[in-house]
Novice: 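Sharing a structure with you now.
Reminder, nothing fancy here: chain letters follow the sequence lines and each chain counts from 1.
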Protein chains: 2
Amino acid sequence: MRLNQNEFLPSCAVCAKATHSFFSILDKENLEELNLNKSCTTFKKGQVIFSENALPLGLFCVSNGKIKLSTSGPDGKEQILRLVKGGDIIGYRSLLSNDRYHCNAIALEDSNICIVDKSYFMNLAMRNNKLCFALFKKISDDLKTAEDHIVSLSQKNVRERVAEALLFLKATYGYEKDGQTINVQLSREEIADFVGTSTESTIRLLSEFNTSKIIELVGKKIKIINYDKLSKTANLSY
Amino acid sequence: MRLNQNEFLPSCAVCAKATHSFFSILDKENLEELNLNKSCTTFKKGQVIFSENALPLGLFCVSNGKIKLSTSGPDGKEQILRLVKGGDIIGYRSLLSNDRYHCNAIALEDSNICIVDKSYFMNLAMRNNKLCFALFKKISDDLKTAEDHIVSLSQKNVRERVAEALLFLKATYGYEKDGQTINVQLSREEIADFVGTSTESTIRLLSEFNTSKIIELVGKKIKIINYDKLSKTANLSY
DNA sequence: CGGTTTTTTGACGCAAATCAATCACAGTGG
DNA sequence: CCACTGTGATTGATTTGCGTCAAAAAACCG
């Protein structure tokens, strides 16, 4: 039978096994229960999943796809705060602190996303210590990442930050099958909005890295040719 | 009787009532239990409470005093990440994510600090939903603050950021009895290390604000004379 | 007090933002 | 199928905010 309304209807158990997802820590029983308390949707590239100041109705679990979390600064300029991949959860900060969203979540490519009922999820988190710990771990890691970003923005120049951003993209999304193309497509402006610089500076530095054979630009795709040199350019502190 | 070894020996119940502390959410019973699982120390100004890469042995609860959490960047320059006051807890991120510290905690003034046993605390957090929620709330707020900081660093100029930092100091530590002196003493360098700029730029901007009657500099103390103008200068997005 | 640290002021140069124009392209419709 | 249009990418020219260096002044301290 063909489903028209909702062609994307995975089971949590299957999903947790296939991708190494946030919910992989749950046992079979809990996954089946979770399965009954979710609904699934597909978001097209560019679609808004949730927006700043809205109230959270549930937890979003990205089955597959790529998402950016961004906010707009004092003069309306976009700032990309987090980048999300399949298996990740989003919207959990607002849920846990009983707050409104302070980010926009926008699909970077077509993405399948499940929404877990808010009160069910909160209840589950409170009675399942493993899940509770995983949430603490998740939010702690996000805090660590954010604070690393602060140090970069404070202390590094744009060249170092652009190099660092490429390493970050690689670390988050990995390579394509060829083993050197970063597996995500961002516009130059999006890279700039993540790095905290202008689009023009980003372009100039990317083409400089291209010229010096550190990376290779193939359309919008970026290949990392010399990872070590890129690391050195990024002036990492870790 | 006079205590020589440890003159600072408060009861958690008294502390929770006096200052509005993180543990104020606990009931009497739990506070008494907590009281039995802590030890207290005084840290002199400048003393290190814990340092980067060390393993957490417990949760620090600041009874009174002021603390900076900082890390050192790629070239060894200090970056102040969080500012902490009496009633706050510190070191909880590493505890919750079972990680090493990634900050240094240093006393900005003489501070009384209690250390709660690690496994006792983790256990308490897991069986007390209220505490668990409070921890989620706490870490969520820290993440929100960090992400706001990212937006500032990315999109604001130094003037705006210095103004914002003064507002932040006021929001965190409040005023002294006179109702306009910010109740914390930081060196110009420390302000710079928080704002993400050079000491000289910080000094120049502070004296500019002083000249234009937005603030008043009295030694190291800073008075806010014109709060509205300071807010406008900070170009807040919230 | 003498010595050290912190703060302040001044001069200078550069990294990076801004402004402006062109190029490349992907859709779209006639 | 090709001109048309809009969007993103690129390159160049110009300006400037801010970091850096240097030195004086003030504050701190044993």
Novice: Verify the ring-centre separation between A:Phe22 and A:Tyr92: is it less than 6.0 angstrom?
Specialist: no
Novice: May I ask you to say whether A:Asp99 pairs ionically with B:Lys137, meaning some side-chain N is under 4.0 Å from a carboxylate O?
Specialist: no
Novice: Looking at every non-hydrogen atom in both residues, tell me the closest pair between A:Leu206 and A:Val162 and how far apart they are.
Specialist: CD2-CG1, 4.1 Å
Novice: Please determine whether side chain to side chain donor-acceptor pair (under 3.5 Å) holds for the pair B:Ser51 and B:Asn104, giving the CA-CA distance in whole Å, both sets of side-chain angles, and the decisive distance to 0.1 Å.
Specialist: CA-CA 4 Å; B:Ser51 28; B:Asn104 302 297; 4.7 Å; no
Novice: Could you list all the salt bridge (charged side-chain N to carboxylate O under 4.0 Å, His left out) pairs where at least one residue sits in residues 59-88 of chain B, not counting sequence neighbours?
Specialist: A:Glu147-B:Arg82, B:Lys66-B:Glu109, B:Lys68-B:Glu78, B:Lys68-B:Glu190, B:Lys77-B:Asp193, B:Arg82-B:Asp142
Novice: How does each nucleotide of nucleotides 21-28 of chain C score, in 5' to 3' order, for protein heavy atoms under 4.0 Å: base (B), sugar-phosphate only (S), or none (-)?
Specialist: --------
Novice: Between B:Gln155 (side chain) and B:Ser152 (backbone), is there a donor-acceptor pair under 3.5 Å?
Specialist: no
Novice: Please list, chain by chain and in numerical order, all residues satisfying salt bridge (charged side-chain N to carboxylate O under 4.0 Å, His left out) with A:Glu52, sequence neighbours excluded.
Specialist: none
Novice: May I have the distance from A:Leu153 (atom CG) to C:dA17 (atom P), rounded to whole angstrom?
Specialist: 12 Å
Novice: If a protein heavy atom is under 4.0 Å from the base, mark B; if only from the sugar-phosphate, S; if neither, -; do that for nucleotides 7-12 of chain C going 5' to 3'.
Specialist: SBBBB-
Novice: Enumerate the residues from residues 70-79 of chain A whose closest heavy atom to DNA chain D is under 4.0 Å, giving them by residue number; use none for an empty result.
Specialist: none
Novice: Taking atom NZ of A:Lys221 as the centre, does the number of heavy atoms from other residues, nucleotides or ligands within less than 6.0 Å exceed 12?
Specialist: yes
Novice: State the OG-CD1 distance between B:Ser97 and B:Ile139, to the nearest 0.5 angstrom.
Specialist: 7.0 Å
Novice: Quantify the bending of the helix from C:dC1-D:dG30 to C:dG30-D:dC1 as the angle between its end axes, each fitted on five pairs, to 10°.
Specialist: 40°
Novice: To the nearest Å, give me how far apart CD (B:Gln155) and P (C:dT18) are.
Specialist: 11 Å
Novice: So B:Phe50 and B:Tyr101, would you call those rings parallel, tilted or perpendicular, with 30° and 60° as cut-offs?
Specialist: parallel
Novice: Heavy atoms of chain B, cut-off under 4.0 Å: which first and last nucleotide of DNA chain D, 5' to 3', fall inside that, if you could look?
Specialist: D:dC18 to D:dC21
Novice: A:Lys44: what forms a salt bridge (charged side-chain N to carboxylate O under 4.0 Å, His left out) with it, not counting sequence neighbours?
Specialist: A:Asp110
Novice: Going by salt bridge (charged side-chain N to carboxylate O under 4.0 Å, His left out), name the residues that satisfy it together with B:Lys229, two or more places apart in sequence or in a different chain.
Specialist: none
Novice: How would you list, by chain and number, every residue that makes a salt bridge (charged side-chain N to carboxylate O under 4.0 Å, His left out) with B:Arg161, sequence neighbours excluded?
Specialist: none
Novice: Using the side chain to side chain donor-acceptor pair (under 3.5 Å) rule, collect all pairs that involve residues 195-218 of chain A, keeping only residues at least two apart or in two chains.
Specialist: A:Arg159-A:Glu208, A:Ser198-A:Ser201
Novice: Applying side chain to side chain donor-acceptor pair (under 3.5 Å), can you list everything that pairs with B:Asp228, at least two apart in sequence or on another chain?
Specialist: none
